[in-house]
Protein chains: 4
Amino acid sequence: MKTPDTDQPSDPEGRRSIGARRNPDSAEAILEAAEAVLLESGYAGFSIEAVARRARAGKPTIYRWWPSKAALLLDVYRRQKRDVGQPDTGSLEEDLFQLARSLFTLWRDTPAGTIFRSIIAEAQSDAKAAEALAEYGAERRRHSGRMTERAIARGEARPDANPKVVADLLSSYAWTHLLTGRLDEDDDTLRAAIRTIVRGVLA
Amino acid sequence: MKTPDTDQPSDPEGRRSIGARRNPDSAEAILEAAEAVLLESGYAGFSIEAVARRARAGKPTIYRWWPSKAALLLDVYRRQKRDVGQPDTGSLEEDLFQLARSLFTLWRDTPAGTIFRSIIAEAQSDAKAAEALAEYGAERRRHSGRMTERAIARGEARPDANPKVVADLLSSYAWTHLLTGRLDEDDDTLRAAIRTIVRGVLA
Amino acid sequence: MKTPDTDQPSDPEGRRSIGARRNPDSAEAILEAAEAVLLESGYAGFSIEAVARRARAGKPTIYRWWPSKAALLLDVYRRQKRDVGQPDTGSLEEDLFQLARSLFTLWRDTPAGTIFRSIIAEAQSDAKAAEALAEYGAERRRHSGRMTERAIARGEARPDANPKVVADLLSSYAWTHLLTGRLDEDDDTLRAAIRTIVRGVLA
Amino acid sequence: MKTPDTDQPSDPEGRRSIGARRNPDSAEAILEAAEAVLLESGYAGFSIEAVARRARAGKPTIYRWWPSKAALLLDVYRRQKRDVGQPDTGSLEEDLFQLARSLFTLWRDTPAGTIFRSIIAEAQSDAKAAEALAEYGAERRRHSGRMTERAIARGEARPDANPKVVADLLSSYAWTHLLTGRLDEDDDTLRAAIRTIVRGVLA
DNA sequence: ACCTAAGCGAGACGGTACGTCTCGTCTTGCG
DNA sequence: CGCAAGACGAGACGTACCGTCTCGCTTAGGT
């Protein structure tokens, strides 16, 4: 790596076009700048102008590739997110607890939390963001629903348990805590919430 | 109905000062205009300027009494909200279900939903809104926590059930559905979610 | 002197009405405050609000007695001005020089200069100020014209010399130097200007 | 004349950016609008907002190129002013008289007078305007000083006559008459004033 | 001794303008 | 054709004053 300036205005002497196609350096610089701005100034300071300034990019370059603030935010989120993975401990409660705990930790200790909050906020006034968020949420619920499916399969959960409902309750709990600044719940409280859900579906 | 001008710029020939004290007509006109703007243009179009124009009020009059957009939003919400009340059917599941159902209905069929979404969005970039929202949320959870307390008292719920956790799960579920445009869940799905929570705390 | 608080918000615990007539204390406090504001913040900071704040007076009290900013300014000027008097040395050049010199000194070293500048500025957009200024200027020219009249009478100046023209040239020179911040002309330059005028009317 | 819309909001369907450089059309429209506003509403009604409205320009576009009201006023003055030229009749009195007369006429019969009055007024509360005005005044005095220099050179004026003083007296006389609404002096009065100055420097 | 009339401080009111910020679009000139 | 750059019209931001209004109080002068 030549330039180690990860969150500075990057290239000292700007990028040029590389011909009639998208310049990946620009895209990278813009996403990096977007993340940095979001981290430093929060959603309130997150403007296309600020990102362009930071990335030493022209505003039209941003608008060309990301039609809305929401699209940029989503890309930043996707790029940033190191997937929390899916635990498989053989116990539904333990699986859900570890998932929730690692999500809370990720959101609290990395930019991911700020970014995701911003996306949800944006979705309240931007239809495209709302749609993307809905799709993303559904996907996450499908994903975490598998844990309940496995619990049913191994006889831990009752056969008529609804994996979607469990996933919905869990992700609602996590999202709401993110949005209201309550990511520092201690293990006992978190576990009590998870246990309440799990008990509701045990065989 | 006495005054048919519910969503027009109200008074044909404006309000005056009524001395060195707040003019309730102005306050009323501003709140009404704020609600109308929010309803017609959504959170995206909700600006102090737009409210002032609509209310035929000066911007300083708004800033004098509401230090931030968030404060105005909260007042609009409070003014608009007809409290959903607290059912007491003798069954925890039924209590929670009716509460959730009436909340979903309120949010879907009145401006309250749009307004509350806006407050949550605003809280993602405005510290004062965040604080106000946190306080409001805590109060709501205390309120709905009483239903579980009653269930414990009558032996329906286990003695070590945590009313706060139940309330948190329920309100998280409701808020998240509001924010992601899923207020039209059918009764079965809604009841399945409620039942999962309730089963987790039954004796 | 009873109260030494010449430029503070005056009375610690406010003035009241003294019945159905003008309260001279208020008038005094307002003029004093106006002068203080003008001195401290210049014409740019001279607003009715600022004067009212400073004088602990209500705005209507000011508007009741001074219909415009210009009227207040003129009163402040009249109240402040210690008349420069009219020298009579037996020499026209010396008379004019001493008059100009004392005027320059007064304007440079006391609030009078700032105040008078403000009046002239105000007169450029306020007809009433313009009228008052015109009248005042004419009176001043009549006044200083007497020096030339005396010089004609004693045979120093030619009989057909026009006192009004001399006075006009002199006051124009002074006013313009006030308005362009050139009140620090040294004695030689000032005397050269006066001498040029005087030579033009000597016998 | 192709476009008859000399003082209307100009272009029916607006101007666009012409790239990363100043758009001369906008500059022109703004100066034209500024002049029109000044002419119609006077200095009192001259606001950046009014100019922007009239020119169908955004406020930032004005602030981008003119840092203050004063700067805009000066540009309007420069643009408007058809230089009064410098007469050279071989007689100092005649030179000065014609200069003064044409200046009075220009100020009385064109917008230039209103504009220049506004600049002087603005300079009484805006330091930058004051500086610009000082520089402009010095330049004008240098310029009109040349007439006296020529008179000295041809032996008409005494060798020790001070051209700066003559120019100062003349321009002071003119400026003051502008500011006090006395531009309609008849030829006799004007000539008497000029003659008084000139006699003071004749050989 | 009452009553009315006016002045007083206070400060809210509908407005206008301020100077700054960001929006999303446009156009240039270089590569 | 993409790129950085940055100007453009538009319009919201939150603040300062404008000049007007009404309040509750005070006092004086006429009854």
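Just so it is clear, the values below take in all heavy atoms, side chains as well, and ignore hydrogens, waters and symmetry mates. Naming: A, B, ... by sequence-line order, numbering from 1 per chain.
To the nearest 0.5 angstrom, B/N23 atom CG is 7.0 Å from B/R15 atom CZ. Separating the CD1 atom in B/I120 from the OH atom in B/Y43 is a distance of 11.5 Å, to the nearest 0.5 Å. Here the CD-CG distance, from D/E122 to D/L133, works out to 11.0 Å after rounding to the nearest 0.5 Å.
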Take B/E40 and B/R54, measure what salt bridge (charged side-chain N to carboxylate O under 4.0 Å, His left out) needs, and give me the verdict at the end.
CA-CA 12 Å; B/E40 288 175 16; B/R54 177 92 181 211; 3.1 Å; yes
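A/L38 is listed as a side-chain neighbour of A/L73, based on a closest heavy-atom distance under 4.5 Å. Side-chain atoms of A/L72 and A/L31, non-hydrogen and from C-beta on, do get closer than 4.5 Å to each other. C/W65 is not listed as a side-chain neighbour of C/I30, based on a closest heavy-atom distance of 4.5 Å or more.
Counting to the nearest Å, the P atom of E/dG15 and the CZ atom of B/R54 are 16 Å from each other. The CZ-C1' distance, from D/R15 to E/dT28, rounds to 19 Å in whole Å. A straight line from CD1 of C/I62 to P of F/dT20 spans 13 Å, rounded to a whole angstrom. Atom-to-atom, CG of D/N23 to P of E/dT27 comes out at 11 Å; the value is rounded to the nearest Å. As rounded to whole Å, 13 Å separates atom C1' of F/dG19 from atom NZ of C/K128. When rounded to the nearest whole Å, the span between CD1 of C/I30 and C1' of E/dG9 equals 11 Å.
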What one-letter contact string describes nucleotides 25-31 of chain F from 5' to 3', where B marks a base within less than 4.0 Å of any protein heavy atom, S marks contact via sugar-phosphate atoms alone, and - marks no contact?
-BBS---
Summarise how protein sits on nucleotides 16-24 of chain E as a single string, 5' to 3': B when a protein heavy atom is under 4.0 Å from the base, S for sugar-phosphate-only contact, - for no contact.
-SBBBBSBB
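Residue B/R64 places at least one side-chain N or O under 4.0 Å from the OP1 or OP2 atom of E/dC13. Regarding contacts with the backbone of F/dG2, every side-chain N or O of A/S26 stays at 4.0 angstrom or more from both OP1 and OP2. Remark: D/T61 is not in phosphate contact with F/dA7, judged by side-chain N or O atoms under 4.0 Å from OP1 or OP2. In terms of phosphate contacts, C/W65 brings a side-chain nitrogen or oxygen within less than 4.0 Å of OP1 or OP2 of E/dC8.
Remark: B/E35 pairs with B/R79 by the salt bridge (charged side-chain N to carboxylate O under 4.0 Å, His left out) rule, at least two apart or across chains.
Here the side chain of B/K69 pairs no donor or acceptor atom with the backbone of B/A129 at under 3.5 angstrom.
When distances are taken from the side chain of C/R22 to each of E/dC8, F/dA4, F/dG9, the shortest belongs to E/dC8.
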